[in-house]
Amino acid sequence: MADNIKRSPKRLTVISGKGGTGKTSILGAFAALAHNAVLADCDVDAANLHLLLAPKTHKTEKFFAGYKAILNPQTCTACGKCVEMCRFRAISMPDDSAPPIIDALVCEGCGVCHDICPADAIVLEDAVCGDLYESETRFGPMVHAELGVGGEMSGKLVTAVRTRADEIAEKNGHGLVLIDGSPGLGCPVIASLAGVDVALIVAEPTVSGFHDLGRVLDLCKHFGLDACVVINKHDINPDVTSQITSCCSASKVEVAGEIPYDNAFTKAMLAGKTIIEYDAAPVADMVRDIWRRVAGLLGIEQE
Amino acid sequence: MNNNSLVISIASGKGGTGKTTLAVNLAAVAGAVTLLDCDVEEPNDHLFLDVKWGESREANVLFPRVDTNLCTGCGECRKACRFNAIVILGKQPLVYPELCHGCGACFLACPEKAITEVPRAVGVIERGPFRDIEFIHGRLNIGEVKGPPLINDVKEAARGNDSHVIIDAPPGTGCPTVEAVRNTDYCVLVTEPTPFGIHDLEAAADMTRQMGVKHGVVVNRSDIGDDRAVRFCEERGVTLLGQIPFDRKAAEAYSRGELLVDALPKYKELFSDLWQTILKEARNA
């Protein structure tokens, strides 16, 4: 009976709260270790996974989401009503008698200016929010994206990347989707976490890393997600490392491993390799152990 | 702010390059200065400053409230909402707070005047002094998605201050970063000389260029990768403001929440010089 039910792939998202803790280096290593995974780079604001995996892109699409207000200076009467009504302060009128200027980077596309313009001088156009790529890497298919500057719809673009990765996984029978998340706690992070099986948080033992870990764990709890933690650069501060360990055990969150500070991660990055492929890096074995634990949490078979 | 005071933002495409380190240490050597932590998703500056907390207040966005006695269920509000934040259930509109941008389009569209806008808390703004620093930061509530209105409130809270202002921006180039960097006199882009660092620096420099904000680059951990950060500055004609080599002692002091200018004497000079360079560049901007 169970055979009739299409089994959906397992999903893992790597996040960190604080930036620069090593999310992408670790996710890249998992890509090298996992079998049959689809990779999704959901750090659409600063996508970096492609720098390790050198994907060959076979499909590029413009991703549209939301609107941008465009003003027609010919019909505009410079009444200034839109300047007054825009809640996002995206419209300014440096010269009282000339048409106002809409700052496209700040416009959220709400349409209020269009709705209230007495001269019908403002139209709403579909906004290009970024590019979406389907690619192939040496470790399998990858979906990634590039958000335009000031991109309003980063959450929607993240969802689009994930949806595409899920489609590829289901169509071609991949059992796993590995998702690289973005720093912070806001819309792209929340979109990268929706409905995943496990969130892996890469923490660093600094007062700021610890502070941000607390907020990310609260976020996972808020959404009822299973989380586990990797402590990167653990030797930078053994005291904070042990504080993180106790905090995790108090909130019943597994610490899947600790990695010391090692410039091999930077060297591997410079060579365009994951740490697994980078020769003679003892930290690679630690990352292998972490992957075995995470695979166990995901309930997937790994040799 | 008087005419001589400058607003300097500190940003980076990639996270973890050293924005916070730069912001707090520059503030500590800058004399009387206002420091704004606008990384409202993960505010960290306060961990390095022993702030005497004073005023704390909620930051709000406007949110529609529907008077069910007046609402006829006509659906005009749903049509006006470009964020699909309103659905009509039965005969009544239901608004999803996580999709609502607080733009007021529904309020304007309602023919029955059944919608009023009420404040909804998205975070808090806290402030207080530390040494010569007037410190202000915003903290976004957990699960809340909209940072930009809170970032704007933090910047508004500094209005009227006479001193220079340093703004610690969130990482990336998306809407929260744009909001933090917007209308600043100069933007310091912090990077590290690695493929990830430079890739994200390019995006950040594109952002400041499109916004018309003059910018320069500080290369942090300048000896961990290769010379690509310096090459980037030369090729693009971007000012290289300074380079800070990797220092394990500095990383450890940072990890304990210490100011580098307090923990290690040599950084006092380094950050004072860097601050003077930034001011000079910003004045020429």
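Excluded from the calculations below are hydrogen atoms, water molecules and symmetry mates; all remaining heavy atoms, backbone and side chain alike, are included. Numbered from 1 within each chain, the chains take letters A, B, ... in sequence-line order.
- Here the closest heavy-atom approach between residue A:F88 and residue B:R182 is recorded as O-NH1, 3.6 Å.
- A salt bridge links B:E117 with A:R87: at least one charged nitrogen is closer than 4.0 Å to a carboxylate oxygen.
- To the nearest 0.5 Å, atoms OG1 (A:T266) and CG (B:D226) are separated by 10.5 Å.
- To the nearest 0.5 angstrom, A:R89 atom CZ is 5.5 Å from B:E179 atom CD.
- Within the 4.5 angstrom heavy-atom criterion, no atom of A:A271 approaches chain B.
- Both the backbone and the side chain of B:V145 come within contact range of chain A, judged by heavy atoms closer than 4.5 Å.
- Within the 4.5 Å cutoff, no side-chain heavy atoms of A:H222 are placed close to those of B:N141.
- In this structure, the side chains of A:D239 and B:R256 stay at 4.5 Å or more apart for every pair of heavy atoms.
- Only the side chain of A:Y261 comes within contact range of chain B, judged by heavy atoms closer than 4.5 Å.
- B:H199 places a side-chain N or O within donor-acceptor distance of the main-chain N or O of A:A47, the cut-off being under 3.5 Å.
- Considering CG of A:D103 and CG of B:N183, their distance stands at 8.5 Å, rounded to 0.5 Å.
- Each of A:C113, A:C86, A:C110 was checked for a side chain to side chain contact (heavy atoms under 4.5 Å, CB included) with B:C103, and the lone residue meeting it is A:C110.
- Of the two parts of A:N237, the backbone and the side chain both hold a non-hydrogen atom closer than 4.5 Å to a non-hydrogen atom of chain B.
- Put simply, the side chain of A:L219 does not reach to within 4.5 Å of the side chain of B:E41, judged on heavy atoms.
- The aromatic rings of B:H46 and A:H211 lie perpendicular to each other, with more than 60° between the two planes, well past the 30° mark.
- Considering OG of A:S208 and CD of B:E42, their distance stands at 10.0 Å, rounded to 0.5 Å.
- Under the 4.0 Å criterion applied to side-chain N and carboxylate O atoms, A:D115 and B:R82 are assigned as salt-bridge partners.
- If you take NZ on A:K267 and CD1 on B:I224, they are separated by 11.0 Å, rounding to the nearest 0.5 Å.
- Rounded to the nearest 0.5 Å, atoms CE (A:M85) and CG (B:L108) are 4.0 Å apart.
- Taking both residues in full, the closest heavy atoms of B:V178 and A:L105 are given as CG1-O, 4.2 Å, listed atom of the first, atom of the second, then distance.
- Neither the backbone nor the side chain of A:E146 comes within less than 4.5 Å of any heavy atom of chain B.
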